[in-house]
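A quick write-up on the structure given underneath.
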Amino acid sequence: YIILFFFNNKIGEIMKIKEIMQKKVIRANHTDDIFKVACMMKKYQIGFLPIEKEKKIIGVITDRDLVIKFLATSHNKEKTIEHYMNPSIITVEEEAEIKDALAIMRKEKVKRLLVTHQKQIVGMLSFSDILSHYKEEGVLETLQSIFTIEVPSSPLLSEIDSFYL
């Protein structure tokens with residue numbers, strides 16, 4: 001297990017999430033339709049939106065979710081985003097250290113975390129936020145672990161591989 005330390009400009013101080021998080025969090029409403037959410041993502045050049053209902057976050061949606069859950073299943077008739085969002089909300093406290101956020105990202109295999117202060121959403125931290133501040137070895141290892149896909153071996157896959165190789 002690698003322990004990562006991130007320092008800011010003051011030597012010896014550990015960098016907190018609140019120092020690099022994005023404070024403005026664009027949100028979608030649970031009743032918004034797919035088209036509106038896609039347009040929001042395009043307008044703000046983002047691939048992740050928290051979904052709220054009555055001022056409470058009830059889930060999140062990514063651009064990948066839009067493709068996999070909606071476009072790839074053309075038989076879907078539901079248009080509101082609530083039917084396609086992921087109800088799993090993964091958060092990190094703003095006072096936590098960057099290494100803590102990386103550990104959560106690695107464990108949950110996600111690239112974005114909602115940041116909280118006293119259980120209220122106050123920002124968002126993405127893996128690219130971390131990468132833009134740090135280019136250390138441990139960050140790249142976390143990225144690799146998030147995007148590593150384990151494919152079970154099978155005789156059929158081996159046969160296919162040998163055919164194409």
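When a residue number appears, it is its place in the shown sequence, counting from 1. Just so it is clear, the model here is predicted, and its values are computed rather than measured.
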Heavy atoms of V122 and H117 approach each other most closely as CG1-CB, 3.7 Å
Hydrophobic cluster membership, M105 vs L114, 4.5 Å side-chain cutoff: no
Chi angles and distances behind the side chain to side chain contact (heavy atoms under 4.5 Å, CB included) call for I51, V60: CA-CA 5 Å; I51 307 300; V60 297; 5.7 Å; no
So I130 and L125, do their side chains get closer than 4.5 Å, heavy atoms only? yes
Chi angles and distances behind the side chain to side chain contact (heavy atoms under 4.5 Å, CB included) call for M41, L66: CA-CA 11 Å; M41 288 181 171; L66 292 178; 3.8 Å; yes
Are V37 and L49 close enough, and set up right, to give a side chain to side chain contact (heavy atoms under 4.5 Å, CB included), and what steps lead you there? CA-CA 8 Å; V37 171; L49 282 171; 3.7 Å; yes
Can you tell me if N29 uses its side chain to pair, donor with acceptor, with the backbone of D32 under 3.5 Å? no
Tightest non-hydrogen contact, residues M40 and I46, listed as O-CG1, 4.4 Å
Nearest heavy-atom neighbours spanning E108 and I90: CB-CD1, 3.7 Å
Going from NZ on K55 to CZ on R27, what distance comes out if it is rounded to the nearest 0.5 angstrom? 10.0 Å
Could you pull out the closest heavy-atom pair between I57 and P50, with the gap in Å? CD1-CB, 3.7 Å
Do the non-hydrogen side-chain atoms of T62 and R112 ever get within less than 4.5 Å of each other? yes
Going by atom types only, do D129 and Q22 share a side-chain donor-acceptor pair under 3.5 Å? yes
Would you kindly confirm whether M124 and Y44 end up in one hydrophobic cluster when ILVMFWY residues are joined by side chain heavy atoms under 4.5 Å apart? no
Applying the 4.5 Å side-chain criterion to the ILVMFWY set and letting contacts propagate, would I20 and F48 be lumped into a single cluster? no
Could you go through the side chain to side chain contact (heavy atoms under 4.5 Å, CB included) check for V92 and T116 one step at a time? CA-CA 6 Å; V92 64; T116 60; over 6 Å; no
Short N-O contact, K16 and E94, less than 4.0 angstrom: no
Non-hydrogen atoms of Y84 and K69 that approach each other most closely: O-CD, 3.1 Å
Is it true that I98 and I104 fall in one hydrophobic cluster, defined by side-chain heavy atoms closer than 4.5 Å? yes
Going from CD on Q118 to CD on E93, what distance comes out if it is rounded to the nearest 0.5 angstrom? 8.0 Å
Could you tell me whether E54 and K56 have a side-chain N and a carboxylate O separated by less than 4.0 Å? no
Using every non-hydrogen atom in the two residues, find where I17 and A101 come nearest and quote the distance to one decimal. CD1-CB, 3.7 Å
What's the spacing between H83 NE2 and D33 CG if we round to 0.5 Å? 12.5 Å
